[in-house]
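Here's the structure, in structure tokens; my notes come after.
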Amino acid sequence: MARQIMHIDLDAFFVSVEQALNPELQGKPVVVGGRPDRRGVVASASYEARTFGLHAGMPLTTASRLCPQAIFIEGSFPKYRDASQRFMAILADFSPYLEPISLDEAYLDVTGFESIYGSIHHMAVKIKQRIKDELGFCASVGIASCKVVAKVASELSKPDGLLEVAAGRERSFLAPLPVAKLPGIGKKTEQILNGLGVHTIGQLATMPLDMLKSHFGVAGERIHNYAKGIDDRQVEPPGAAKSISRETTFGEDTQDRSLLEATLCYLGERVGSELRQQGKLTKCVTLKLRYADFTTITRSHTLKQASDVDQMIFDAGVKLLNRALSQEKQPVRLIGIGVSNLVESGKQLDMLDSSVQRLEQLNKAIDHIRKKYGFTAIQTGRTLLLKDIFPETEGGYTLHTPSLSR
Ligand code: TTP
Ligand code: MG
């Protein structure tokens with residue numbers, strides 16, 4: 001099932017706070033940032049002021065020349081912080097999957113919430129209404145299957161907007177827009193792309209990935225995916241763990257496949273156990289290898305379905321390991337495995353098939369025994385190879401293997 005993500009951003013936030021406190025300012029060109037004769041720039045301009053060409057970042061002197069009748073306000077941060085807290089509290093009433101991005105901007109994961117509100121569109125209308133009634137602000141909302149498209153949608157819908165991009169329409173929605181509208185593309189990237197003849201997001205999406213990587217490194221792959229409407233980032237409430245990983249350095253560098261796999265299995269089980277303890281599922285498994293010459297690589301695999309099952313984590317890790325070892329002949333110094341893109345486990349249980357459910361039950365039973373008798377009380381087939389290497393009982397999670405040589 002496609003995710004449903006909302007991006008909510010308040011319109012002319014600093015100005016709206018001032019207007020709510022002083023209704024005489026409503027419907028007028030208002031600028032927050034400072035007095036027009038002072039040095040400094042516009043922090044926020046009302047939409048009435050924007051019709052004169054005023055925008056954030058413009059020098060105040062320019063702003064007062066373009067719009068002499070504008071009302072200039074110094075502004076005070078505590079008022080904006082209080083308003084922001086009340087805004088976030090309203091959003092938190094609608095979904096616990098809330099990720100504040102800045103004072104006036106947040107993502108909500110609202111997957112499945114249509115059963116409560118009739119539709120996600122109707123839920124957004126309710127959110128906008130509460131913000132208007134309780135705070136007096138207009139909010140713009142974008143709804144889409146991923147963060148990047150939701151953000152572009154809310155931006156495009158301003159002011160007082162609501163724009164929903166249907167699943168499957170992400171790429172065609174973005175295609176006609178100029179590249180500068182895509183989050184992650186700043187002034188410099190825009191100039192380079194324009195120099196390459198790339199002006200729209202649609203053109204960016206059809207560029208060869210290698211060319212983007214050669215210009216922008218890893219960011220090239222990210223903006224390429226974004227341009228295609230692909231963005232796996234989860235909505236991450238503050239404080240939630242973003243990833244879990246375990247790694248270990250061998251006493252002696254090794255090329256022994258069974259030792260590498262056994263160690264990977266052991267580390268994968270530690271990661272899986274921690275994942276289940278946190279009540280999370282993972283969508284992304286990452287293998288880390290450091291070779292004898294200290295070159296370090298990481299390779300990731302996206303799971304078809306979010307999981308907290310040891311076997312799934314291990315299978316993905318082994319696939320990555322085999323691929324990496326076929327490309328590099330050096331012995332391995334360090335091996336590690338990690339999971340990221342974590343989601344709450346309660347949300348997707350209904351989608352799991354019965355064989356996965358059986359594995360989950362097995363993992364739960366193992367966790368239970370390990371909690372009682374220590375992690376190494378049970379060793380699965382592969383990790384038995386390590387029984388002489390790891391101590392029988394362990395206190396913490398940090399793995400320092402004094403010697404893994406056999
Ligand atoms: P924005 O959401 O970017 O701007 P906005 O809310 O004023 O207008 P809109 O969203 O309708 O386009 O930023 C939120 C607040 O952050 C803004 O009200 C003031 C502050 N801010 C600055 O202080 N300096 C800046 O350069 C920008 C962009 C914002
Ligand atoms: Mg805003």
Side-chain angles (χ1 to χ4, degrees), residues 5-22 25-36 38-64 66-67 70-91 98-108 124 127-132 134-144 147-163 177-178 180-190:
I5 292 173
M6 264 188 209
H7 179 260
I8 305 111
D9 188 297
L10 298 174
D11 298 338
F13 176 48
F14 286 8
V15 168
S16 299
V17 175
E18 301 295 341
Q19 288 174 326
L21 293 169
N22 178 5
L25 297 172
Q26 283 168 15
K28 293 183 181 158
V30 178
V31 168
V32 172
R35 299 249 300 278
R38 301 259 183 88
R39 280 157 58 96
V41 295
V42 173
S44 180
S46 68
Y47 278 77
E48 291 78 9
R50 292 185 202 195
T51 60
F52 294 87
L54 274 55
H55 58 80
M58 175 183 274
L60 290 165
T61 46
T62 314
S64 75
L66 289 174
C67 183
I71 302 161
F72 289 83
I73 298 169
E74 200 84 57
S76 78
F77 190 73
K79 281 192 278 191
Y80 310 141
R81 194 193 46 220
D82 290 351
S84 172
Q85 282 170 357
R86 289 194 290 149
F87 163 58
M88 296 297 172
I90 291 175
L91 297 184
L98 164 68
E99 181 181 346
I101 299 295
S102 70
L103 284 177
D104 81 329
E105 177 189 359
Y107 288 104
L108 274 187
I127 292 175
K128 279 165 64 77
Q129 195 58 48
R130 264 198 71 187
I131 294 169
K132 186 84 198 157
E134 292 175 30
L135 305 176
F137 308 155
C138 286
S140 293
V141 180
I143 304 166
K147 279 181 163 180
V148 74
V149 177
K151 183 170 167 78
V152 174
S154 79
E155 175 69 31
L156 216 65
S157 76
K158 278 177 174 290
D160 200 11
L162 171 47
L163 185 54
L177 303 172
K181 287 269 179 229
L182 197 67
I185 298 198
K187 268 266 161 284
K188 227 174 117 192
T189 309
E190 183 192 8

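Values below: all heavy atoms of this structure, side chains included; hydrogens, waters and symmetry mates excluded. Numbering of ligands and ligand atoms starts at 1, following listing order.
- Using cut-offs of 30° and 60° for the angle between ring planes, the F13 and F137 rings count as perpendicular.
- Residue contacts with ligand 1 for A56 involve side-chain atoms from C-beta outward but no N, CA, C or O (heavy atoms, distance under 4.0 Å).
- Residue-to-ligand polar distances keep V42 apart from ligand 1: every N/O pair is separated by 3.5 Å or more.
- Contacts of L103 with ligand 1, taken as heavy-atom pairs under 4.0 Å, are absent altogether.
- Contacts with ligand 1 closer than 4.0 Å are made by side-chain heavy atoms of K158 only, the backbone lying farther away.
- No more than 12 heavy atoms of other residues, nucleotides or ligands shown are found within 6.0 angstrom of NZ on K181.
- Closest to atom 29 (C) of ligand 1, if we only count protein heavy atoms, is A43 O, 3.6 Å.
- When only interatomic distances are considered, the shortest N/O to N/O separation between A45 and ligand 1 does not fall below 3.5 Å.
- For atom 1 (P) of ligand 1, the nearest protein heavy atom (residue, atom name, distance) is D104 OD2, 4.1 Å.
- Counting heavy atoms closer than 4.0 Å to ligand 1, residue R50 contributes side-chain atoms (C-beta onward) but none from N, CA, C or O.
- Side chain to side chain, D11 and S140 meet the donor-acceptor criterion of an N or O pair below 3.5 Å.
- Within a 4.0 Å radius of atom 4 (O) of ligand 1, the protein contributes no heavy atom.
- Heavy-atom separations between Y47 and ligand 1 include at least one value shorter than 4.0 Å.
- In this structure, A12 counts as a contact residue of ligand 1, since one of its heavy atoms falls inside 4.0 Å of the ligand.
- Between F14 and ligand 1, at least one pair of N/O atoms sits closer than 3.5 Å.
- Pairing each heavy atom of I127 with each of L108, the nearest pair is CD1-CD1, 3.9 Å.
- For atom 21 (N) of ligand 1, a protein heavy-atom neighbour is found at a distance under 4.0 Å.
- Among all protein heavy atoms, the one lying closest to atom 7 (O) of ligand 1 is S44 OG, 2.8 Å.
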Test log, rule side-chain contact (heavy atoms from CB on, under 4.5 Å), inputs V32 and V17: CA-CA 10 Å; V32 172; V17 175; over 6 Å; no

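- S102 and M88 get closest at one heavy-atom pair: O-CE, 3.3 Å.
- Salt bridge present: D160 and K128 bring a charged side-chain N and a carboxylate O closer than 4.0 Å.
- Protein nitrogen, oxygen and sulfur atoms, that is N, O or S, within less than 2.8 Å of the Mg ion (ligand 2) amount to 3.
- Looking at every heavy atom in both residues, L163 comes nearest to S157 through CB-CB, 3.9 Å.
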